[in-house]
There are 2 protein chains.
Amino acid sequence: MTDMTIGKVADVVGVGVETIRFYERRKLIEQPPRPREGGYRIYSDATVRRLHFIRRAQELGFSLREIAELLALRDAESNQADASDVRQRAMAKLHDVDQKIEQLRRIRQGLAALVDCCPGQGPLQCCSIFDALEQNAGPTGEPIISEETDMQTIRLSIGGMHCGGCEEIVRHVLEQQTGVKGCSVSHESGEARVAVDESRISDEQLAEAVRGAGYSANIMNTTE
Amino acid sequence: MTDMTIGKVADVVGVGVETIRFYERRKLIEQPPRPREGGYRIYSDATVRRLHFIRRAQELGFSLREIAELLALRDAESNQADASDVRQRAMAKLHDVDQKIEQLRRIRQGLAALVDCCPGQGPLQCCSIFDALEQNAGPTGEPIISEETDMQTIRLSIGGMHCGGCEEIVRHVLEQQTGVKGCSVSHESGEARVAVDESRISDEQLAEAVRGAGYSANIMNTTE
DNA sequence: TTAGTGCCCGTACCACGGTACGGGGTCAAG
DNA sequence: CTTGACCCCGTACCGTGGTACGGGCACTAA
């Protein structure tokens, strides 16, 4: 697996050859060694892994700049240069990630609201998505239906989900409940996280709703 | 509220004047009427609503191209267009967002772990994000821990996918093939990345499998 | 009528994340 | 030692979603 030329690496990682050179110019990866001046680049496994990292992080919405920062974090870590600095930067990144998640969650709510309010059949005139989007909403892109209250995240352990379809069902059930602002469901982890106004619904009521759909559900308590 | 000039409209909608002209060039909005040749643009309420729509849809993660498609759907009053189509698109977007959130959550955990176990100084090997992201896996996050074989990422250009459902079908087909370890499929980019053991299946076989499901497929690998 | 906005248009430019090209050099198999 | 695939480098170019500039009209209030 070692000692690959650029073309091989590109194949393995799933990017173009030019892209790898581009990353090199951007200092995302270091210049690989070559046998002689002007010879071919020879890539180590470490660099290949680094490239995998870059690609995956990109899929998560990190920009190349941010990825460079993440990588710098790790590089610094192995040098154990300024451990406290690393920690600082890791915390900053953590904050970034939290914000990203929050923003996506807002987007998700908006989309879920759209999907819910559309009949899903019949002529376009019946589709409320257009109407909903024509409303003059807040500049921050606040969800269309939003009254700020004391939100909590409840985690449920759910059994019996085997596929994305099950996920959808559970999500739908949860979102039907009053007080539920949004949720994410994963059949892989068998877990749901529900953003909820606890003054309007209890965790046990949520679990019961899920059970009503044919799955098992337990409260996982202590959110973080 | 009617009969606004471009500056007023820009204020109301919350975009720049140039941006409105830009949308006009991009045919997202039609040329508004003017009193005389070379006179000022006069915008109707309908156009203002259209601009709101564009803004909101953008905030939800739709590209201008996708927004143009949505608008075209409505403009073509042909009744051929169906609310379910619009709903499909929203759901596909929703699905994208869900996946992204779930993965960001993983990253968050990794970063949090890094911060936690990095109180002052010392070597830290607990950086699970880095390890996690270095795996060659689909964005569904299946942890494809390397049982070292000659794995490769094959990229396929796939035509005919219009929604998240198509994505699912293609993903399913690909994952059924022997030698396929994982894949990510995007109907937006019309592309699939397949992590595969090339000693067990050829790229052409993969493409053929996709075609068998009713889509077009071409191998994108650089320098086949 | 005249000053002062505001808008007209075309064109240029920006950051981002690559992709393409072209004229050459490298490398390994036959 | 030739052939053909692969790689070298620099530079130019692409789509996306805008923003900026600048000379010249359109409108409006004094």
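Here the structure is a predicted model, which means the values were calculated and not measured. In the text below, chain A, chain B and the rest are named by the order of the sequence lines, each starting its count at 1.
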If you look at every strand shown and take non-hydrogen atoms under 4.0 Å, does B:G16 touch a base, only sugar-phosphate, or nothing?
nothing
Using a heavy-atom cut-off of 4.0 Å across all strands, would you classify B:R21 as base, sugar-phosphate, or nothing?
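Touches a base.
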Nearest to the side chain of [X] - [options]?
X: B:Q58; options: D:dC7, D:dT19, D:dG18; value: D:dG18
X: B:T19; options: D:dT19, D:dG17, D:dC8; value: D:dT19
X: B:Y23; options: D:dC6, D:dC8, D:dG18; value: D:dG18

Does A:Y40 have any side chain to side chain donor-acceptor pair (under 3.5 Å) partners at least two apart in sequence or in another chain, and if so, which?
none
A:T47 meets the side chain to side chain donor-acceptor pair (under 3.5 Å) criterion, sequence neighbours left out, with A:E30, A:S44
Whole Å only: how far is the [atom1] atom of [X] from the [atom2] atom of [N]?
X: B:Y40; N: D:dG24; atom1: OH; atom2: P; answer: 16 Å
X: B:R26; N: D:dG17; atom1: CZ; atom2: C1'; answer: 7 Å
X: B:I42; N: D:dC27; atom1: CD1; atom2: P; answer: 8 Å
X: B:I6; N: D:dC27; atom1: CD1; atom2: P; answer: 14 Å
X: B:R55; N: D:dG17; atom1: CZ; atom2: P; answer: 13 Å
X: B:F22; N: D:dT16; atom1: CZ; atom2: P; answer: 9 Å

Excluding sequence neighbours, so at least two apart, what forms side-chain contact (heavy atoms from CB on, under 4.5 Å) with A:R65?
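For A:R65, the residues satisfying side-chain contact (heavy atoms from CB on, under 4.5 Å) (neighbours in sequence not counted) are A:S63, A:E69.
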side-chain contact (heavy atoms from CB on, under 4.5 Å) partners for B:A68, two or more places apart:
B:L28
To the closest 0.5 Å, what do you measure between CD1 (A:I54) and CG (A:L64)?
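The distance works out to 7.5 Å.
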When rounded to the nearest 0.5 angstrom, what is the spacing between CZ in A:F53 and CG in A:L70?
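Rounded to the nearest 0.5 Å, the CZ-CG separation comes out at 5.0 Å.
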Considering only residues two or more places apart or on different chains, which pairs with a residue in residues 4-28 of chain B satisfy salt bridge (charged side-chain N to carboxylate O under 4.0 Å, His left out)?
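Qualifying pairs: B:E18-B:R21, B:E24-B:R41.
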Take B:R65 and B:E37, find for each the nucleotide of DNA chain D with the closest heavy atom, and name the residue whose nucleotide sits nearer the 5' end.
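In this pair, the answer is B:R65.
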DNA chain D: B:F62 or B:E18, which has the more 5' nearest nucleotide?
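The residue mapped nearer the 5' terminus is B:F62.
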Closest-nucleotide ordering on DNA chain C, the 5'-leading residue of B:V17 and B:R25:
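Nearest nucleotide further toward 5': that of B:V17.
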Contacts of A:R36 and A:S63 projected onto DNA chain C by closest heavy atom; the upstream (5') one is A:S63
Footprint ends on DNA chain C, 5' to 3', for atoms under 4.0 angstrom from a heavy atom of chain A, come out as C:dC16 to C:dC27
